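Report on the following structure.
Keep in mind that this is a model prediction, so the values were computed, not measured.
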Amino acid sequence: MSEKLFYTMGEVAEMFDVNASLIRYWGTQFPSLKPQRNKKGNRLFSPADIETLKRIYHYVKECGMTLEGAKRALRGDRSQEPDTDVNMELLERLQSLRSMLLAVRESLDEQPEPEPKPKQPAQTQEIVEPKVVAQAEQEAEVAAPKPAYREQTLFDW
């Protein structure tokens, strides 16, 4: 948004995507919002008025506060105005980042998924036992006959 000295009622209503009647109503309810008028009587909003409207919009529309609650919050904000400006700027940046991420997500959803690669069989490695160990096992088998039934133990896995 380019920095202008004054914004018309239509421009302000378009900025906040609300009806001009709501902006006029907020002007009657919030004493801190005092737009100037030209010779014809049209309201002209300064950048400071726009910042006040941003705070009002945030409290009423985004946070769901009542008008009385928003009035109290605005009165409490006067000591914290620089922080509020930083928070509003941060909120705007986060909203633009969110919209960008949603666009990336949509573009990823539109792309076809790559086909999975065919699985290759696992290569088996043969374990070569020394001849001494094999001979010792054969001798043990000859010495002790195998039982007909043997229970499985934890070590047989």
[atom1]/[X]: more than 12 non-hydrogen atoms of other groups inside 6.0 Å:
X: Glu14; atom1: CD; result: no
X: Asp17; atom1: CG; result: no
X: Leu5; atom1: CG; result: no

Contact between [X] and [Y] at the side-chain level, heavy atoms closer than 4.5 Å - yes or no?
X: Glu89; Y: Arg93; value: yes
X: Phe30; Y: Leu53; value: no
X: Leu91; Y: Gln95; value: yes

Would you say the side-chain atoms of Asn38 pair up with the backbone N or O of Lys40, donor to acceptor, closer than 3.5 Å?
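Flag set: sc Asn38 to bb Lys40 pair under 3.5 Å.
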
Distance, nearest 0.5 Å, that separates CG of Leu97 from CG of Leu102:
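If we round to the nearest 0.5 Å, Leu97:CG and Leu102:CG are 9.5 Å apart.
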
Interatomic spacing from CD1 in Ile56 to CE in Met65 - rounded to 0.5 Å:
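Here the rounded value is 12.5 Å.
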
Minimum heavy-atom separation for Glu11 to Lys4, with atom names?
OE2-NZ, 2.7 Å

Search all heavy atoms of Phe45 against all heavy atoms of Arg43 and return the closest pair with its distance.
CE1-CB, 4.0 Å

Phe16: partners by ring-ring contact (aromatic ring centres under 6.0 Å, His included), with sequence neighbours left out:
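Partners of Phe16 under the ring-ring contact (aromatic ring centres under 6.0 Å, His included) test: Tyr57.
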
Can you confirm whether the side chains of Thr52 and Asp49 place a donor and an acceptor under 3.5 Å from each other?
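No, no side-chain donor-acceptor pair sits under 3.5 Å.
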
Are Phe6 and Val12 joined in one hydrophobic group, where the rule is that I, L, V, M, F, W and Y side chains link up if heavy atoms are under 4.5 Å apart?
no

If hydrophobic clusters are built from ILVMFWY residues whose side chains come within less than 4.5 Å, do Leu44 and Met9 share one?
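No; Met9 is not reachable from Leu44 via cluster members.
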
Using a strict cut-off of less than 4.0 Å between a Lys/Arg side-chain nitrogen and an Asp/Glu carboxylate oxygen, indicate whether Arg72 and Glu68 qualify as a salt bridge.
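Salt bridge absent between Arg72 and Glu68.
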
